Amino acid sequence: MQNISPAELKQRLDADAPLPLLLDIREPWEIERAHLPHSRCIPMGELTARLQELDPDQETVVLCHHGIRSRSVCLFLEQHMQFSSVLNLDGGIDAWARQVDSTVPTY
């Protein structure tokens, strides 16, 4: 599993290249407070039941509030589900809001 910094993710999203899947594993109340556009929201507790919604061959950036839950999900996807390219957003959406986009609320 690799980490990606908020700045690196911003560069990737702004580049003229295929976009990674942004997998937001936070709870619905968290997503209501702050989210990234074009992210797919699947709460961590629902992930195993909804794995068929994901493509294991698509590059996937997993995010949560601070990057701790998403790290666990990245390891699970790589080790048990054979996802080929999984990245953890280092510092989560909180770091994104503080380092990249101050219009995203922090909580």
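Everything quoted here is computed from the prediction, not taken from an experiment.
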Find the distance between NE2 (H35) and CD1 (I31) and round it off to the nearest 0.5 Å.
9.0 Å
Walk me through it: do E8 and N3 pass the test side chain to side chain contact (heavy atoms under 4.5 Å, CB included)?
CA-CA 10 Å; E8 291 169 324; N3 287 317; over 6 Å; no
Within the side chain of E30, is there an N or O that forms a donor-acceptor pair under 3.5 Å with the backbone of E27?
yes
Rounded to the nearest 0.5 angstrom, the CE-SG distance for M44 and C64 is 8.5 Å
Any chance you could measure D94, atom CG, to H66, atom NE2, to the nearest 0.5 Å?
4.0 Å
Would a hydrophobic clustering, with Ile, Leu, Val, Met, Phe, Trp and Tyr connected at side-chain separations under 4.5 Å, put L23 with L13?
no
For N88 and S70, does a side-chain donor sit closer than 3.5 Å to a side-chain acceptor?
yes
Does one hydrophobic cluster hold both F76 and L21, with members joined at side-chain heavy-atom distances below 4.5 Å?
yes
When you look at S5 and D90, which way does the side-chain hydrogen bond (donor to acceptor under 3.5 Å, both in side chains) test go after all the steps?
CA-CA 5 Å; S5 73; D90 194 27; over 6 Å; no
For residues F83 and L54, report the shortest heavy-atom separation together with the two atoms involved.
CZ-CB, 3.8 Å
Would you say R50 has more than 12 foreign heavy atoms packed within less than 6.0 Å of its CZ?
yes
If I take atom CG from residue D24 and atom CD1 from residue I93, how far apart are they, to the nearest 0.5 angstrom?
6.0 Å
Output the distance between atom CD1 (I42) and atom CD1 (I25), rounded to the nearest 0.5 Å.
10.5 Å
Ignoring hydrogens and angles, tell me if any N or O in the side chain of S84 forms a donor-acceptor pair with the backbone of E59 under 3.5 Å.
no
Measuring from K10:NZ to L36:CG, what's the distance to the nearest 0.5 Å?
10.5 Å
Quick one: sort the Y107 and H65 rings into parallel, tilted or perpendicular, breaks at 30° and 60°.
parallel
Please test S39 against C41 for side chain to side chain contact (heavy atoms under 4.5 Å, CB included), starting from the C-alpha separation and ending with a verdict.
CA-CA 6 Å; S39 57; C41 304; 4.1 Å; yes
Cluster question for you: counting only ILVMFWY and a side-chain heavy-atom cut-off of under 4.5 Å, with indirect links fine, are L19 and W96 together?
yes
Smallest separation among heavy atoms of A97 and V104, with atom names
CB-O, 3.2 Å
Are there over 12 heavy-atom neighbours, none belonging to H80, within less than 6.0 Å of that residue's NE2?
yes
Donor-acceptor contact present, side-chain Q2 to main-chain L87, <3.5 Å
no
Tell me if a side-chain donor or acceptor on R71 pairs with a main-chain N or O of V62 at a distance below 3.5 Å.
no
Grouping I, L, V, M, F, W and Y whenever their side-chain heavy atoms are under 4.5 Å apart, do L22 and L47 come out in a common cluster?
no
Flag yes if M81 and M1 sit in one hydrophobic cluster, no otherwise; membership is Ile, Leu, Val, Met, Phe, Trp, Tyr, and two members link when side-chain heavy atoms are under 4.5 Å apart.
no
